[in-house]
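To start, I am sharing the structure in question, which I have written as structure tokens.
Residue numbers start from 1 in every chain, and the chains themselves are labelled A, B, ... in the order their sequence lines are given, proteins ahead of strands. Computation of the quantities below employed the complete heavy-atom set of this structure, encompassing side-chain atoms and omitting hydrogens, waters and symmetry-equivalent molecules.
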2 protein chains.
Amino acid sequence: MTEMSTARRSRITPEREAELYRAVLDLLREVGYDALTMDAVAARTRSSKATLYRQWGGKAELVAKAVRHDKPVSIGDIDTGSLRGDLHALTLRSDDCEMEQNSALMRGLAMAVHANPDLLKAFKEYLVEPEMAEFRHVLRRAIDRGEIRADNPAIAFVPHMMIGAFAARNMLDEQPPTQAFLLAYIDAVVLPALGAPTTTS
Amino acid sequence: MTEMSTARRSRITPEREAELYRAVLDLLREVGYDALTMDAVAARTRSSKATLYRQWGGKAELVAKAVRHDKPVSIGDIDTGSLRGDLHALTLRSDDCEMEQNSALMRGLAMAVHANPDLLKAFKEYLVEPEMAEFRHVLRRAIDRGEIRADNPAIAFVPHMMIGAFAARNMLDEQPPTQAFLLAYIDAVVLPALGAPTTTS
């Protein structure tokens, strides 16, 4: 986080910030990204548009940070002692109901990203990159423990494997990914591709 | 194919059918699914709307069949003697330029599917199911050759792995999947997950 954004953030309390993010996600689910306006966020949260712009710069950054804030547990807080344990814990952060809601929300945002370069940029900066950095951290620990080889070419594809499972589940099976689906996918695909143990000892 | 649809199909020549499908794909790229009308297809192809409806039933079936028809080579025609060879040949069916065009088209249709249940149904019937059946055929041969075990749990996830790679590539790397990306993904992820040879002997 830059000093600039720390300075901007310090002007509201964490509780107020969380409340604003919840309102943004509610509005996103109700009207979608394109129809979401800063006016509506200001009205819903009884804040001034000037405050919103000062704090977040614009709609894209506000939406990306609201989605980021909604993640129940940071990947970085997970450390079970095995790669399988870490990836399973990661999956179990969200229950099936949350996953279904997020799946619909992310589908809408994935569409909006293609028409809004500023949203794509904010997504990469505030959502994809931090999540990928934490993923790399989990994989680094698995390498250090000797569970996977540092030169395994599948390491670079772990984000594609995980995100792809979400996307393909919706498309192929006409249902949102469930915990059971993702745990089975991790054991059948992700761990074998990485050459990692598929049972937790 | 049912007798009914065979009877419907026989009324126009294969050349005329191909021409109609090309026009539908052009229109899809120009205006998207929601704005595409049977009137526009009729005008563009100088055919009557009555003919279009008699032949295809409706917009959803026409679009799904147009996309299906555009596939350069049927998976079923590929038989290289190894699973790696078959999956690579499958990838090399489309060059990078075609993949970029198809990627944009499929992204648009993936969005439309969520708002149009009849399009989802037509996609499953005319596009997903036939493609999955051919995939199962390719995997069946690999099992018969002893390249993969019949009880490998990754077999059920091959469609998710392949479709997921396409979807995630767009989202994570901000570029359409290229042949080089997909070949590397097959060798690093799909074949190791299946426990199949990663070199072609």
Original post:
Will you find, in the side chains of B:Thr178 and B:Asp96, an N or O donor that is under 3.5 Å from an N or O acceptor?
Top reply: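 Side chains of B:Thr178 and B:Asp96: no pair found under 3.5 Å.
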Subject >> Per-residue contact mode, A:Ile155 against chain B (heavy atom under 4.5 angstrom) >> reply: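 A:Ile155 has no heavy atom closer than 4.5 Å to chain B.
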Original post:
Once the angle between the rings of B:Phe181 and A:His160 is folded into 0 to 90°, is it parallel (under 30°), tilted (30 to 60°) or perpendicular (over 60°)?
Top reply: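 If you compare the ring of B:Phe181 with that of A:His160, the planes turn out tilted.
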Subject >> Top contributor to chain B interface from A:Gly195, A:Ala184, A:Ala156 [non-hydrogen pairs under 4.5 Å] >> reply: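 Greatest number of close heavy-atom pairs with chain B: A:Ala184.
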Original post:
Any chance the side chains of B:Asp86 and B:Thr80 put a donor and an acceptor closer than 3.5 Å?
Top reply: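 Yes, side-chain donor-acceptor contact under 3.5 Å.
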Original post:
Measuring heavy-atom distances to chain A, does B:Val189 have an atom under 4.5 Å in its side chain, in its backbone, in both, or in neither?
Top reply: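 Both parts, heavy atoms under 4.5 Å.
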**OP:** Using a cut-off of 6.0 Å, state whether more than 12 heavy atoms not belonging to B:Lys121 lie near its atom NZ.
**Re:**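 Result for NZ/B:Lys121: open.
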